Amino acid sequence: MYDEQNLLLGSKKEIDEAKQGEVLFYDQPQTNGRKFYIESYGCAMNFSDSEIVASILADEGYGPTREMESADLILVNTCSIREKAEETVRNRLKVFNQLKYKKPDLQIGVLGCMAERLKAKLMEQEKLVDLVVGPDAYRDLPNLLAKVDEGEKGINVLLSREETYADISPLRLESNGIVGFISIMRGCDNMCSFCVVPFTRGRERSRDTYSIIAEATDLYQRGFRDITLLGQNVDSYKWQSPDGAESVNFAELLDRVAAIHPDLRIRFSTSHPKDITDEVLHTMARHENICKYIHLPVQSGNSRILQLMNRTYDREWYMNRVDAIYRILPDCAISSDMIAGFCSETEEEHEDTLSMIQYAKYSMSYMFMYSERPGTPAAKKFVDDVPEEVKKRRLQEIVDAQMNMSLKVNLQDVGKVMKVLIEGDSKRSDQEFKGRTSQNKMVNFPKDGNCQPSQYVHVKITDASSGSLRGIIIHTPETETH
Ligand code: SAH
Ligand code: SF4
Ligand code: F3S
């Protein structure tokens, strides 16, 4: 659920498109002439937060722009998960700072996890940063911006036990109007030893169920057809009404969101292997529109390493969860996150991660080399002793094994007829559509006169690679649909 290379508003392709002509944002607010430009890094939660920030700024009269040169305010929503993520941001700040030399009135702000991790230090290290705002302090932006207008620095990195931004309606910017994301909780209480998130995002808290349902209903009514419920550990979602009379867990939340409309597809991320219950799996089985796809990061396939990581499950427990998923949801796809070369990992322990790919038959995975993060339990207690070359080689072995597995599971789809939600033109050709299956696999297929984005079509799969499927639209659905 994260991609360090992704930018919300500033990707090269989008900037080029913007220069070719006026490209409207999905939501186009009224402005007072001041413009903000925002880039986002890290996980989907950060991208979702940028839409909340955009909404708060729009209320202040700021309009979005895709061209940083025309912005009065440049914001970068940052990620601290690995060292590389922070390096990327520092490089971007250099680029923004060059602009500020030319245009001294330009205001530059750092938001998100790096703001939280480094706090005021960030302003010392990056001299031209005017604004540092942590993930729970976005409501304070108008006040902080007013300070910056007066020539002061603006900083607020207070974490909160309550903030969920439940009442803020996110401004959908880079949206295609079909696929949307809804934050259902914030923070994380798990303390996996390698992870910086509990420090940058604070304590776990769940958002008001009714505000989630209202946001999902609004998206459905505006034409959205595929929404993902976001949290670092969605299975521990638990909301209680203020009077204590009502308590809603994740399975119940899923049930209610799925009931909004059968044509609204529901996805969620991320599931924690220790918390995903059979109740959730049975709820998924009951609703055709809850997508049969679970992102269930294993991190390591070895029990000793899992214990050092403080993941609170072992290899057997994880395998048991995988068995339960395939038993209750036979057509479900599972994906994972894996870390190569965690502290003291031996060759045999690494092999356990490789064999887990075979066991769980992941359709895809996000794979990383361990990157020590200052202040985390692992940084305090363990030595980052697996040499860089060994980490690299192990990561490559994991990537190779996963690529083979992805190809294998995708080839099993050839010949099946799958229900696909059309999302738009395929990357390669405007003669083709792309869309996703319930299992979150991308399918490319030739256009058909009658079909439009946001419609569901049945596609017969004719070919597969490790990254996507190919097919043709079938007008009379065949019996075997998935
Ligand atoms: N809440 C999610 C993950 C959020 S972070 C979960 O528990 O699965 C996303 C992924 O980044 C993690 O799953 C992990 O694989 C990876 N990651 C986190 N910290 C890391 C570190 N210090 N070095 C390398 N990868 C890390
Ligand atoms: Fe980090 Fe673990 Fe929380 Fe995921 S569950 S965000 S890996 S501490
Ligand atoms: Fe997400 Fe990165 Fe923060 S993964 S929670 S943006 S550290």
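Numbering of ligands and ligand atoms starts at 1, following listing order. Just so it is clear, the model here is predicted, and its values are computed rather than measured.
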Contact (N/O only, under 3.5 Å) between [X] and ligand 1:
| X | answer |
| --- | --- |
| Gln299 | yes |
| Asn233 | no |
| Phe194 | yes |

Residue part near ligand 1, for [X], under 4.0 Å between non-hydrogen atoms:
| X | answer |
| --- | --- |
| Met369 | backbone |
| Ser371 | both |
| Gln232 | both |
| Met367 | neither |

Would you say [X] contacts ligand 1, with heavy atoms under 4.0 Å as the rule?
| X | answer |
| --- | --- |
| Arg201 | no |
| Thr270 | yes |
| Ile81 | yes |

Can we say [X] and [Y] salt-bridge, meaning some charged N sits less than 4.0 Å from an Asp/Glu carboxylate O?
| X | Y | result |
| --- | --- | --- |
| Glu116 | Arg201 | no |
| Arg207 | Glu215 | yes |
| Asp278 | Arg321 | yes |
| Glu86 | Arg117 | yes |
| Asp130 | Lys147 | no |
| Asp136 | Arg203 | no |
| Arg256 | Glu252 | no |
| Glu174 | Arg66 | yes |
| Glu345 | Arg304 | no |
| Glu162 | Arg205 | no |

In ligand 2, which numbered atoms sit nearer than 4.0 Å to a non-hydrogen atom of [X]?
| X | answer |
| --- | --- |
| Cys188 | 3 (Fe), 5 (S), 6 (S), 8 (S) |
| His272 | 5 (S) |
| Arg311 | 2 (Fe), 7 (S) |
| Pro198 | 8 (S) |

Numbered atoms and elements of ligand 3 in range of [X], under 4.0 angstrom, heavy atoms:
| X | value |
| --- | --- |
| Arg201 | 5 (S) |
| Cys113 | 3 (Fe), 5 (S), 6 (S), 7 (S) |
| Asn46 | 6 (S) |

For ligand 3, indicate whether the residue Gln232 contacts it via side chain, backbone, both or neither (heavy-atom separation under 4.0 Å). side chain
So does Cys192 have any N/O/S atom less than 2.8 Å away from atom 2 (Fe) of ligand 2? yes
Tell me the nearest of [options] to [atom], using heavy-atom distances.
| atom | options | value |
| --- | --- | --- |
| atom 6 (S) of ligand 2 | Thr376, Val197, Ile339 | Val197 |
| atom 7 (O) of ligand 1 | Arg311, Lys84, Arg82 | Arg311 |
| atom 4 (S) of ligand 3 | Gly112, Cys43, Cys188 | Cys43 |
| atom 12 (C) of ligand 1 | Asp337, Val196, Asp275 | Asp337 |

Quick check on atom 1 (Fe) of ligand 3: does Cys79 put an N/O/S atom closer than 2.8 Å to it? no
Would you kindly check if the NZ (Lys) or CZ (Arg) of Arg82 is within the cone defined by 45 degrees around the ring axis of Phe368 and under 6.0 Å from the six-membered ring centre? yes
With distance as the sole criterion, is a donor-acceptor pair present between the side chains of Ser335 and Tyr293 under 3.5 Å? yes
Go through the side-chain N and O atoms of Asn77 and Asp49 and say whether any donor and acceptor fall under 3.5 Å apart. no
Per-atom contacts of ligand 1 with Arg373, taking only distances under 4.0 Å to non-hydrogen atoms: 22 (N)
Out of Lys238, Gln232, Glu204, which residue meets the side-chain contact (heavy atoms from CB on, under 4.5 Å) rule with Met185? Glu204
Take every heavy atom of Arg201, measure it against each atom of ligand 2, and state whether any distance is under 4.0 Å. no
Does the plane of the ring in His295 sit parallel, tilted or perpendicular to the ring in Tyr366? Use 30° and 60° as the thresholds. perpendicular
Given the rule in the side chain to side chain donor-acceptor pair (under 3.5 Å) test, do Gln396 and Asp400 qualify, once you have shown the distances and angles that lead to the verdict? CA-CA 6 Å; Gln396 194 55 51; Asp400 291 344; 3.0 Å; yes
Closest to atom 1 (Fe) of ligand 2 among protein heavy atoms sits Cys195 SG, 2.3 Å
Quick one: nearest non-hydrogen protein atom to atom 5 (S) of ligand 2, plus distance? Asn190 ND2, 3.3 Å
